[in-house]
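No hydrogens, no waters, no symmetry mates; every other heavy atom, side chains included, goes into these values.
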Amino acid sequence: MPKGDHIETEGIVVETLRNAMFKVKLSNGHIVTATISGKIRMHYIKILVGDSVKIEMSPYDITKARITYRNKS
């Protein structure tokens with residue numbers, strides 16, 4: 001998939017799962033399963049329930065996402 005071929009949106013973490021996976025609620029009410037990106041993992045940035053995050057999704061499977069940024073809240 002080319003680099004620019006993804007959907008970026010924001011959401012709020014509602015649940016933590018195993019293996020650095022999270023349930024994220026989008027602004028339209030949908031809930032997606034998200035994992036953290038390599039940069040966040042590399043810099044040990046902690047993501048907790050209630051954090052506002054920026055995610056990117058593939059247009060082919062919008063039920064899975066990657067967390068790319070944690071907003072300060």
Side-chain angles (χ1 to χ4, degrees):
M1 187 169 76
K3 274 198 176 224
D5 194 21
H6 59 269
I7 302 166
E8 285 191 7
T9 185
E10 292 191 9
I12 296 177
V13 176
V14 293
E15 184 181 355
T16 59
L17 304 172
R18 299 186 317 174
N19 299 331
M21 302 279 282
F22 301 91
K23 294 274 186 176
V24 178
K25 185 174 184 179
L26 304 179
S27 60
N28 60 6
H30 291 293
I31 295 180
V32 298
T33 304
T35 185
I36 56 178
S37 68
K39 289 279 188 180
I40 293 177
R41 195 181 301 255
M42 186 174 71
H43 292 290
Y44 299 107
I45 296 173
K46 301 297 180 199
I47 298 174
L48 302 172
V49 174
D51 283 346
S52 175
V53 293
K54 187 182 293 184
I55 63 170
E56 61 182 30
M57 300 181 289
S58 167
Y60 305 108
D61 186 11
I62 58 172
T63 62
K64 296 185 177 120
R66 178 182 307 123
I67 297 173
T68 57
Y69 186 77
R70 179 180 60 99
N71 295 331
K72 295 179 182 174
S73 55

For the [atom1] atom of [X] and the [atom2] atom of [Y], what is their distance to the nearest 0.5 Å?
X: Ser27; Y: Ile12; atom1: OG; atom2: CD1; answer: 9.5 Å
X: Leu26; Y: Ile62; atom1: CG; atom2: CD1; answer: 9.0 Å
X: Asp61; Y: Thr33; atom1: CG; atom2: OG1; answer: 9.5 Å
X: Tyr60; Y: Ile7; atom1: OH; atom2: CD1; answer: 10.0 Å
X: Arg66; Y: Met57; atom1: CZ; atom2: CE; answer: 12.0 Å
X: Ile45; Y: Ile67; atom1: CD1; atom2: CD1; answer: 11.0 Å

Under 6.0 Å from the CD1 atom of Ile31, do we count more than 12 heavy atoms belonging to anything else shown?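 It does: Ile31 CD1 has more than 12 such atoms within range.
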Any link between Tyr69 and Val13 through a network of hydrophobic side chains (Ile, Leu, Val, Met, Phe, Trp, Tyr) touching at under 4.5 Å?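 Looking at the clustering, Val13 is in a separate group from Tyr69.
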Counting only N and O atoms by type, is there a donor-acceptor contact under 3.5 Å from the side chain of [X] to the main-chain atoms of [Y]?
X: Thr68; Y: Lys54; result: yes
X: Asn19; Y: Met21; result: no
X: Thr63; Y: Val32; result: no

What pair of heavy atoms forms the shortest contact from Lys46 to Asp51, and how long is it?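 The answer is O-OD2, 4.1 Å.
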Which one of Ile55, Val53, Asn71 satisfies the side chain to side chain contact (heavy atoms under 4.5 Å, CB included) criterion with Glu10?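 The single option meeting the side chain to side chain contact (heavy atoms under 4.5 Å, CB included) with Glu10 is Asn71.
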